[in-house]
Amino acid sequence: MSTLVIAEHDNSTLKVSTLNTVAAAQAMGADIDILVAGANCGAVATAAAAVLGVGKVLVADNAAYEHQLAENISLLVAEVGAGYDNILAPATPNCKNFLPRVAALLDVAQISDITSVESADTFQRPIYAGNVIATVQSADAKKVITVRTTAYDAAPGEGGSATIESLDAVHDAGLSSFVREEVAVSDRPELTSASVVISGGRGMQNGENFKLLDGIADKLGAAIGASRAAVDAGFVPNDMQVGQTGKIVAPDLYIAVGISGAIQHLAGMKDSKVIVAINKDEDAPIFQVADYGLVADLFEALPELEAKL
Amino acid sequence: MKVLVAVKRVVDYNVKVRAKADGSDVDLNNVKMAINPFCEIAVEEAVRLKEAGIATEVIAVSVGDKSCQEQIRTSLALGADRGIQVETGGSVEPLVVAKLLKGVIDKEQPQLVILGKQSIDGDNNQTGQMLGALANMGQGTFASEVVVEDGHVNVTREIDGGLQTVRLTLPAIVTTDLRLNEPRYASLPNIMKAKKKQLDVYTPDDLGVAVTSHLTQVKVEPPAERKAGIKVADVDELVDKLKNEAKVIS
Ligand SMILES: Cc1cc2nc3c(=O)[nH]c(=O)nc-3n(C[C@H](O)[C@H](O)[C@H](O)COP(=O)(O)OP(=O)(O)OC[C@H]3O[C@@H](n4cnc5c(N)ncnc54)[C@H](O)[C@@H]3O)c2cc1C
Ligand SMILES: Nc1ncnc2c1ncn2[C@@H]1O[C@H](COP(=O)(O)O)[C@@H](O)[C@H]1O
């Protein structure tokens, strides 16, 4: 059996989510190759070749793939993936964008967000905002799968010595073009792989007050997240949303501040190892999942917490 | 320009769904059903395009048994002009939904097809993208802004790290994210008017699509329970617990 893992990257660095996906591929027990599609992405290919347990790294380095346009990447992945039993990608916004196109081109189902491999054709995945875990069996000869990265510890990124092979095929569907990107650069760890996450909700009242989380995040090396309400209100950018329809996180420590604990939010963080909730309403549902709940006004509790860490 | 909107009937987002005791399926007895929130955003966007004079007709389509006509009527009350139900015995997989929607596209020839990014029951996040591949159209997924210009649509997308704008040749697919718009409420007169709007029913056969199944749900079960936590008295106790009991900070 053979598995093709699609690398998540930004043309210069290989993202940890790729390593989580390699771990899921290992659970399937197949030979693993990695596909790197991008532009000027040689450094990513080198990093992918060092991942332990990988046989071959295929690199499609072309301007057509620079911005990961789904129309182009899907043609490439469907072509390369034709030779594999399984195609796996991390359930990141980028891979969620193109992988279903690949499945449709190959006329097979996609299994989204798997959290466990039960056998070569049977997988578990959360549905209904994680309130139910479904076990699904696939009848397709070829499996197209996205992996919930929090369910798998990253495979070692060093120690491997895969061969690197360039692919010449260029697929430009001619349906779409890149216009612009507004991406915020942050020194903080990535939300989905940070070991500590501190998130603010509507209780933060405005974007300015999110600064109250900064000092604590600095001390803990934490990433900062948010509830949908905080994003909708414009306090913080959209990519900070944690939840069913945002990012899924499972850090060692998750601190929810001024967040009520709606099911959609819980779906994104309830697999964290330790959960702390700070909320002034002692009946807030967030306390039902919190290991440590502090009933307090966040505007008093946060400065004190920062001082005492 | 015709706009096609795909709407799905799902469990209301406030309902906490549970697995049946025998693990055969989720328990949907007497559960409130609604239009998938992302589909509601899709309808709103289409109706706004019509109000702006860009769209000429908005067609709401749903795949499912007869009960999904309720969500089509909701869409009509929100401002869609007519509805299409594709009759299937029960719920079908995203790939099949995409094939059926492709069949509707072939009949209706819309310039823009708007779907939700995700149905909140199956949490698949697949149908729009699959439809893009089947119809050979460009896609603007997870949209937070949609701007139609002649022959093109510019879609601003919510991506990792921020926003990306892509330009797609029409006809094209858009899938909605939460920030695209805030859907209106249907007024009583519009709900009454919706009852009289045209609603056609097609079978998969009419669309030349075979309903297949690639996946079997073997069982469903509740997720692992978290053990009950405690309330701490103050920040000092919190810091102490995190250091000495949970050992997650040093
Ligand atoms: C289709 C759909 C998808 C969704 N996806 C997501 C998602 O991915 N992620 C997500 O988070 N939500 C999501 N939601 C929204 C979700 O249902 C809730 O509306 C949202 O999570 C609420 O955010 P919140 O807890 O910040 O706000 P609220 O529910 O308003 O809670 C604010 C909390 O702050 C507390 N508070 C206020 N002031 C203070 C103070 N001074 N000190 C301490 N505490 C204070 C209050 O007691 C309250 O508990 C989704 C909803 C839908 C319909
Ligand atoms: N049965 C259906 N009928 C109509 N539209 C659907 C159906 N299933 C999915 N869709 C559309 O596809 C979107 C994404 O669904 P999914 O891929 O299941 O997460 C939904 O928001 C709808 O717009």
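Both backbone and side-chain heavy atoms feed into the values below; hydrogens, waters and symmetry mates do not.
Contact annotation for Asn136(B): both backbone and side-chain heavy atoms come within less than 4.5 Å of a heavy atom of chain A. Heavy-atom distances place no part of Leu99(A) under 4.5 Å from chain B, backbone and side chain included. Heavy atoms closer than 4.5 Å to chain B are found in the side chain of Gln124(A), but not in its backbone. Only the side chain of Leu69(A) comes within less than 4.5 Å of a heavy atom of chain B; its backbone N, CA, C and O stay farther away. For a residue to count as touching a neighbouring chain, one of its non-hydrogen atoms must lie under 4.5 Å from one of that chain's; by this rule Leu238(B) touches chain A with the side chain only. Both the backbone and the side chain of Asn238(A) come within contact range of chain B, with heavy atoms under 4.5 Å apart. The part of Ile249(B) that comes within reach of chain A is its side chain, from C-beta onward, which places non-hydrogen atoms under 4.5 angstrom from that chain. Interface residue Val166(B): backbone and side-chain heavy atoms are both found under 4.5 Å from chain A. Only the backbone of Arg18(B) comes within contact range of chain A, judged by heavy atoms closer than 4.5 Å. In this structure, no portion of Ala296(A) lies under 4.5 Å from any heavy atom of chain B. In this structure, the portion of Gln118(B) lying under 4.5 Å from any heavy atom of chain A is its side chain and not its backbone. For Ala246(B), the parts lying under 4.5 angstrom from a heavy atom of chain A are both the backbone and the side chain. Contacts between Ile133(A) and chain B at a heavy-atom distance below 4.5 Å involve backbone atoms as well as side-chain atoms. Contacts between Val276(A) and chain B at a heavy-atom distance below 4.5 Å involve the side chain alone, from C-beta outward. Neither the backbone nor the side chain of Ala173(A) comes within less than 4.5 Å of any heavy atom in chain B. In this structure, no portion of Gln288(A) lies under 4.5 Å from any heavy atom of chain B. The part of Arg125(A) that comes within reach of chain B is its side chain, from C-beta onward, which places non-hydrogen atoms under 4.5 angstrom from that chain. With a 4.5 Å cut-off on non-hydrogen atoms, Glu300(A) does not touch chain B at all. Residue contact with chain B, scored on non-hydrogen atoms closer than 4.5 Å, is absent for Asp10(A). Heavy atoms of Ser74(A) lying under 4.5 Å from chain B are absent altogether. Residue contact with chain A, scored on non-hydrogen atoms closer than 4.5 Å, involves the backbone of Ala233(B) exclusively. Neither the backbone nor the side chain of Pro94(B) has a heavy atom closer than 4.5 Å to any heavy atom of chain A. Looking at Glu182(A), both its backbone and its side chain come within 4.5 Å of chain B, counting heavy atoms on both sides.
Taking CZ of Arg180(A) as the start and OG1 of Thr165(B) as the end, the distance is 4.0 Å to the nearest 0.5 Å. Separating the CD1 atom in Ile159(B) from the CG atom in Asp239(A) is a distance of 8.5 Å, to the nearest 0.5 Å. Put simply, CG on Leu163(B) and CD on Glu181(A) are 9.5 Å apart, with the number rounded to the nearest 0.5 Å. Here the OG1 atom belonging to Thr175(B) is positioned 8.0 Å from the CG atom belonging to Asn97(A), to the nearest 0.5 angstrom. Rounding to the nearest 0.5 angstrom, the gap separating the CD atom in Gln217(B) from the CD1 atom in Ile127(A) is 5.0 Å. For the atom pair CG (Asp177(B)) and OG1 (Thr245(A)), the distance works out to 6.5 Å, reported to the nearest 0.5 Å.
A salt bridge is absent between Arg148(A) and Asp123(B); no separation between the charged side-chain nitrogens and carboxylate oxygens falls under 4.0 Å. A salt bridge between Lys247(A) and Asp160(B) is present, with a side-chain N of the basic residue lying under 4.0 Å from a carboxylate O of the acidic one.
Between Lys16(B) and Leu266(A) the shortest side-chain heavy-atom distance does not fall below 4.5 Å. In this structure, the side chains of Val17(B) and Val132(A) come closer than 4.5 Å at one or more pairs of heavy atoms. Between His214(B) and Ser138(A), every side-chain heavy-atom pair lies at or beyond the 4.5 Å cut-off. Counting heavy atoms from C-beta on, the side chains of Leu175(A) and Leu168(B) never come closer than 4.5 Å. Leu253(A) has its side chain within reach of Leu242(B): a pair of non-hydrogen atoms, C-beta onward, lies under 4.5 Å apart.
Each of Asp236(B), Leu134(B), Leu178(B) has some count of heavy-atom pairs under 4.5 Å with chain A, and the biggest count is that of Leu178(B). Options Gly229(B), Gly161(B), Ala19(B), Pro222(B) differ in how many heavy-atom pairs under 4.5 Å they form with chain A, and the most are formed by Gly161(B). Looking only at heavy-atom pairs under 4.5 Å with chain A, the residue among Arg157(B), Glu93(B), Glu225(B), Glu237(B) that has the most is Arg157(B).
A donor-acceptor pair under 3.5 Å is formed between the side chain of Glu71(A) and the backbone N or O of Gln139(B). With hydrogens and angles disregarded, no donor-acceptor distance shorter than 3.5 Å links the side chain of Arg179(B) to the backbone of Gly234(A). A donor-acceptor contact shorter than 3.5 Å is absent between the side chain of Arg167(B) and the backbone of Phe178(A). With hydrogens and angles disregarded, no donor-acceptor distance shorter than 3.5 Å links the side chain of Arg226(B) to the backbone of Asp291(A). No donor-acceptor pair under 3.5 Å is formed between the side chain of Lys243(B) and the backbone N or O of Leu309(A).
Summarising the geometry of Thr169(B) relative to Gly174(A), their closest heavy-atom pair is OG1-O, 4.1 Å, with the distance given to 0.1 Å. Pairing each heavy atom of Gly130(A) with each of Pro223(B), the nearest pair is O-CG, 3.3 Å. Shown here for Pro100(A) and Met130(B), the closest heavy-atom pair between the two residues is O-CG, 3.2 Å.
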Exercise. Hey, mind stepping through Asp240(B) and Lys308(A) against salt bridge (charged side-chain N to carboxylate O under 4.0 Å, His left out) and telling me if it holds?
Worked result: CA-CA 10 Å; Asp240(B) 174 63; Lys308(A) 286 179 174 161; over 6 Å; no
For this session: May I have the step-by-step check of side chain to side chain contact (heavy atoms under 4.5 Å, CB included) for Leu305(A) and Val239(B), ending in yes or no?
Result: CA-CA 8 Å; Leu305(A) 179 60; Val239(B) 173; 3.6 Å; yes
For this session: Using the side chain to side chain donor-acceptor pair (under 3.5 Å) rule, take Asn124(B) and Gln110(A) through it: C-alpha gap first, then chi angles, then the decisive distance, then the call.
Result: CA-CA 8 Å; Asn124(B) 294 308; Gln110(A) 173 176 302; over 6 Å; no
For this session: Apply side chain to side chain contact (heavy atoms under 4.5 Å, CB included) to Val235(B) and Leu294(A), showing your working.
Result: CA-CA 8 Å; Val235(B) 171; Leu294(A) 176 62; 3.9 Å; yes
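Below 4.5 Å, heavy atoms of chain A meet heavy atoms from Val26(B), Leu28(B), all part of residues 26-33 of chain B. Identified by a heavy-atom distance below 4.5 Å to chain A, the contributing residues of residues 3-13 of chain B are Val11(B), Tyr13(B), in residue-number order.
Within 6.0 Å of CD on Glu149(B) lie more than 12 heavy atoms contributed by other residues, nucleotides or ligands.
Annotation: cation-pi geometry not satisfied between Lys231(B) and Tyr292(A) (NZ/CZ under 6.0 angstrom from ring centroid, within 45° of ring axis).
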